[in-house]
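The structure under discussion appears below in the form of structure tokens.
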Amino acid sequence: MDHFHYRDRVLFCEDVPVSELARVYGTPLYVYSEATLVHHLTSIQKAFADANPLICYSVKTNGNLGICKVVCRHGSGFDVTSAGEMHRAILAGAPGRKIVFAGVGKTDAEQEQALRAGVFLFNVESEEELHALGEVARRIGVVAPAALRVNPDLPPKTHAKTDTSVKGVKFGLDIETVLDVAKGVVGHPNLKVRGLHMHLGSPILSVEPYRQGIARAEALIPALRAQGHHIDILNMGGGFGINYRKSEAQPAQAFAEVIVPAVLKLGCSLVLEPGRFIAGNSGILVSRVIYGKESGGKKFVIQDAAMNDLIRPTLYDSFHRIWPVAPAPGFPAPPEDHEADIPGADPVDVVGPVCESGDFLAKQRRLPPLRRGDLLATFSAGAYGMSMASNYNSRPRAAEVIVSGANHRLARRRETLEDLVACERDLG
Ligand SMILES: *Cc1c(COP(=O)(O)O)cnc(C)c1O
């Protein structure tokens with residue numbers, strides 16, 4: 001479900017023609033639909049309501065303050081992985097008690113900052129980190145609330161670069177070590193081990209990994225309690241997949257049916273850290289065709305969005321639907337299946353201006369005929385799009401705009417050439 005629709009052969013975001021946004025703000029441009037964002041957050045809140053969960057939107061997915069403020073206003077907390085992300089969460093209006101802090105490399109300074117902000121939970125990923133956290137908490141005279149992040153060692157479930165619960169990744173504690181590590185801090189005056197955390201990977205298109213993860217938690221939690229820890233939190237992370245190619249994602253309800261009964265039975269409260277599910281289909285990347293060319297027997301469409309704007313295709317071999325904002329007559333709406341043979345639509349590589357062969361948004365994609373100046377929409381770009389953007393090739397980063405009904409507001413201005421060198425010193 002999203003609010004990007006074609007009306008009379010023009011793409012709209014809610015009630016605003018995307019071509020109008022491109023005219024006002026220029027390209028490349030990230031366009032977000034507030035209604036879509038809220039719809040996805042609300043659908044998780046409703047599906048999991050019986051467990052009264054703390055839903056913590058994952059800031060790394062899309063940390064734009066406008067986006068964070070929307071989800072905060074609708075009751076979300078935040079999952080952060082750095083002091084920078086915590087800064088965003090706090091600026092967006094979140095109290096510390098609605099922030100959870102994950103990541104394998106939290107520094108002492110970050111731990112102290114988070115303790116002073118009163119974060120709800122540290123998702124602790126190693127034994128050294130747990131002891132360091134206890135030490136920082138002792139130094140400033142507080143008790144640190146911790147969940148042990150476990151790597152449940154499940155079968156591969158997504159792209160190798162985003163699978164976080166197979167053996168040999170850097171995340172979490174090996175499952176066979178969790179009890180030993182927990183035993184070492186029983187009775188620690190400045191550490192309160194309150195829960196278990198797992199984030200299985202992303203995107204996950206089946207409920208099965210969650211079922212398997214829950215089974216691991218059901219074995220571990222009673223054992224942690226037997227050691228003397230008062231375990232009252234199960235944090236199941238994020239990872240819920242979205243529709244990138246077609247209707248392939250599970251509804252929030254499907255995950256809830258697996259997770260909620262188990263959480264209630266364990267007598268825990270639930271934390272979730274969804275990112276992609278909330279932001280992914282809420283955003284598109286709008287770009288303008290610069291040139292067409294043929295080379296080596298292939299057709300290329302060169303447009304003004306590049307790997308520095310959206311790195312997922314080259315980093316993860318990700319598939320994003322792409323279609324013209326105002327397609328030529330005869331191509332009224334995007335096809336149901338973007339990988340099918342579309343009569344009259346030739347396979348093209350959609351590439352950007354960056355000097356890398358890996359700079360592409362799609363390869364051998366069937367698209368209607370395109371001319372210089374035509375606008376393209378790359379869909380499902382709201383998650384891990386702008387948040388992973390860089391200035392590679394000294395390209396100013398794109399602007400971001402949030403649409404709500406017939407209104408649109410600039411959420412981040414386009415970077416300028418001055419911005420590109422703003423942090424550098426003139427060494428003469
Ligand atoms: C990235 C991340 C998330 C969010 O993952 P999504 O797939 O975007 O839902 C949640 N928790 C942790 C610990 C993460 O690293």
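Numbering of ligands and ligand atoms starts at 1, following listing order.
- Looking at heavy atoms from C-beta onward, Y32 lies out of side-chain contact with C13 at the 4.5 angstrom threshold.
- Here CD of E34 is found 14.0 Å from NE2 of H408. Values are rounded to the nearest 0.5 Å.
- For atom 9 (O) of ligand 1, the nearest non-hydrogen atom from the set A102, G239, A279 belongs to G239.
- Between I242 and S380, some side-chain heavy-atom pair lies under the 4.5 Å cut-off.
- Annotation for ligand 1: atoms under 4.0 Å from non-hydrogen atoms of D79 are 3 (C), 10 (C), 11 (N), 12 (C).
- Residue T61 approaches ligand 1 through these ligand atoms, each under 4.0 Å from one of its heavy atoms: 8 (O).
- Polar contact with ligand 1: absent for S58 (N/O pair, distance under 3.5 Å).
- Of the candidates M198, E125, H199, K60, the one placing a heavy atom closest to atom 5 (O) of ligand 1 is H199.
- Ligand 1 places these atoms under 4.0 Å from at least one heavy atom of Y384: 1 (C), 4 (C), 5 (O), 6 (P), 8 (O).
- With no hydrogens or angles considered, a side-chain donor-acceptor pair links S202 and R276 at under 3.5 Å.
- Counting only heavy atoms of the protein, atom 7 (O) of ligand 1 lies nearest to S202 OG, 2.3 Å.
- With a heavy-atom cut-off of 4.0 Å, T164 does not touch ligand 1 at all.
- For R276, heavy-atom contacts with ligand 1 shorter than 4.0 Å involve the backbone as well as the side chain.
- For ligand 1, the atoms lying closer than 4.0 Å to a non-hydrogen atom of G275 are 6 (P), 8 (O), 9 (O).
- Between Y244 and H320, the ring centre distance stays below 6.0 Å.
- Taking CD1 of I278 as the reference point, atom CG of L41 lies at 4.5 Å (rounded to 0.5 Å).
- A cation-pi arrangement, defined by a distance under 6.0 Å to the six-membered ring centre and an angle within 45 degrees of its axis, is absent between R97 and F120.
- Per-residue contacts place E273 under 4.0 angstrom from the following atoms of ligand 1 (heavy atoms of the residue considered): 3 (C), 4 (C), 9 (O), 10 (C), 11 (N), 12 (C), 13 (C).
- F240 and Y210 have their aromatic ring centers within a separation under 6.0 angstrom.
- Between H3 and H5, the angle of the ring planes goes over 60°, which puts this pair in the perpendicular group of the 30/60° scheme.
- Between K246 and E336, no side-chain nitrogen of the basic residue sits less than 4.0 Å from a carboxylate oxygen of the acidic one, so the salt-bridge criterion is not met.
- For P274, every heavy-atom contact with ligand 1 shorter than 4.0 Å involves the backbone, none the side chain.
- For a threshold of 3.5 Å applied to N or O pairs, the pair formed by F277 and ligand 1 contains no separation below that value.
- Atoms of ligand 1 found under 4.0 Å from any heavy atom of R149 (numbered from 1 in listed order, with element): 13 (C).
- Those atoms of ligand 1 with a heavy atom of G238 less than 4.0 angstrom away are 9 (O), 10 (C).
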